[in-house]
Amino acid sequence: EALIEHNLVQRSNDESVEAHFTLLKSIREFAQQQLQLRGEQELIQHRHAELYITLVSQAREHYDRGDVNAFASIHADIDNLRSALDWALNHGMVEATAEAIVRLEPFWSSRMPVTLQWLEGVLAHGQELAPALHANILSLTGSLSWEVFRNPLWAQQLCAASVAISRDLQDQRGLAT
C-alpha cells in the first residue's frame, strides 16, 4: 500500500479481473538494471516466461470447461504475455511458445495482429517442433490469416503444409482441422 500511496506502483481499476499492479517505467528500468548487475536477469526472465506459459495452460483448461471469462486475466495482462512469449521464443523455448500459442487459439481469433509475429517466429523454427505441434501451428496460422487478413494464397499454403504433415502422421484430428 505504501508503494501505491507514493505512486511507485499503480493498481488497475479493472474490476473484472484480479487486482493487477504495474510499476512506473523508471522503477521497472531500475529493477531491470539491478537484476542485470547481479546476473539474475536471465533467470527472472526465464521464470517469467514459465509463469505465463503455465497461466496460458490454466486459462485454456478453464475455457475447455466452459468458462467464458477464462482469458480475461490473459487479456488484462497482455503486455506481460507478449514479453514472456517474445523472450521464450528468442531463448530456445520454441516448443513451449508454440504450445502456448496453440492453447490460446480462442483468444487469438479476435486478436490476430497481436500474435502474427509469434506465429511467424515459431514457423521459422518449425523443424525444431514435434511434427503434430508444427502441423497445429501451420493450421492455426493459415486459418487466422484467412479469417483476419483475407490472404487466401498464404492461408492455402500453410494449411496444405499442415495437411501434409498430418497425413504423414496419420493424424485424423489434424486432418479434420
Side-chain angles (χ1 to χ4, degrees), residues 9-23 44-123 125-126 128-150 155 158-159 161-177:
V9 173
Q10 297 172 333
R11 182 189 313 237
S12 169
N13 292 330
D14 188 353
E15 295 176 12
S16 66
V17 295
E18 293 180 28
H20 181 78
F21 301 92
T22 57
L23 295 172
I44 297 301
Q45 287 177 309
H46 188 266
R47 287 181 181 168
H48 183 253
E50 286 179 333
L51 170 69
Y52 276 85
I53 289 168
T54 299
L55 292 174
V56 163
S57 294
Q58 292 170 351
R60 181 57 189 253
E61 288 172 14
H62 288 282
Y63 176 82
D64 289 344
R65 284 191 236 125
D67 182 354
V68 295
N69 295 315
F71 296 113
S73 62
I74 298 291
H75 176 71
D77 216 6
I78 191 70
D79 291 334
N80 269 316
L81 176 66
R82 285 181 187 154
S83 175
L85 292 181
D86 283 342
W87 188 91
L89 182 58
N90 293 314
H91 288 84
M93 297 175 68
V94 177
E95 191 151 325
T97 303
E99 289 173 354
I101 290 168
V102 169
R103 287 184 182 120
L104 285 167
E105 182 177 0
F107 180 75
W108 296 137
S109 296
S110 61
R111 296 165 185 86
M112 178 57 182
V114 172
T115 192
L116 185 60
Q117 71 183 36
W118 294 319
L119 290 168
E120 289 175 341
V122 168
L123 286 173
H125 296 278
E128 298 173 36
L129 299 174
L133 182 57
H134 188 203
N136 282 339
I137 289 291
L138 287 164
S139 177
L140 174 61
T141 307
S143 297
L144 292 176
S145 64
W146 170 253
E147 291 171 20
V148 178
F149 292 110
R150 302 290 187 234
L158 294 166
C159 290
S162 174
V163 166
I165 293 171
S166 295
R167 276 194 187 123
D168 288 345
L169 296 173
Q170 298 178 342
D171 178 8
Q172 296 302 314
R173 186 170 176 238
L175 289 171
T177 60

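Everything quoted here is computed from the prediction, not taken from an experiment. Computed from heavy atoms alone, side chains included, the values below leave out hydrogens, waters and symmetry copies.
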Give me the atom names and distance for the closest heavy-atom approach of Ala98 to Val122. CB-CG1, 3.6 Å
Rounded distance (nearest 0.5 Å) linking atom CG of Leu133 with atom CD of Glu128: 11.5 Å
If we ignore angles and hydrogens, is there a donor and acceptor under 3.5 Å between the side chains of His48 and Gln45? no
So, taking the atom named NE2 in His75 and the one named CG in Leu81, what distance separates them when rounded to the nearest 0.5 Å? 12.0 Å
Which heavy atom of Ala100 sits nearest to which heavy atom of Ile53, and what is that distance? CB-CG1, 4.3 Å
Would you say that Ser162 contacts His134 through its side chain, given a criterion of any heavy-atom pair below 4.5 Å between the two side chains? no
Please report the closest heavy-atom contact between Arg60 and Pro106, naming both atoms and the distance. NH1-CD, 3.2 Å
Side chains of Leu123 and Leu158 in contact at under 4.5 Å (non-hydrogen atoms): yes
Interatomic spacing from OG in Ser73 to CG in Leu55 - rounded to 0.5 Å: 6.5 Å
Would you call the rings of Trp87 and His46 parallel, tilted or perpendicular, where under 30° means parallel and over 60° means perpendicular? perpendicular
Going by heavy atoms in the side chains, are His125 and Leu89 under 4.5 Å from each other? yes
SB check Arg82 Asp86 (cutoff 4.0 Å): no
Would you compute the distance between atom CD1 of Ile78 and atom OG of Ser83 and round it to the nearest 0.5 angstrom? 11.5 Å
N/O donor-acceptor pair under 3.5 Å between Thr97 side chain and Met93 backbone: yes
Determine yes or no for a side-chain-to-main-chain donor-acceptor pair under 3.5 angstrom, with Thr141 supplying the side chain and Ile137 the backbone. yes
Side chains of Leu104 and Phe71, heavy atoms from C-beta outward: is any pair under 4.5 Å? yes
When rounded to the nearest 0.5 Å, the distance separating CG of Leu119 from CG of Leu144 is 7.0 Å
From Leu140 CG over to Glu105 CD, what is the distance, rounded to the nearest 0.5 angstrom? 5.0 Å
Heavy-atom closest pair (Ala130 atom, Glu95 atom, distance to 0.1 Å) is N-OE1, 3.6 Å
For Ile74 and Ala59, the nearest pair of non-hydrogen atoms, with its separation, is CG1-CB, 4.0 Å
Tyr52 and Ala84: which non-hydrogen atoms are nearest, and at how many Å? CB-CB, 3.7 Å
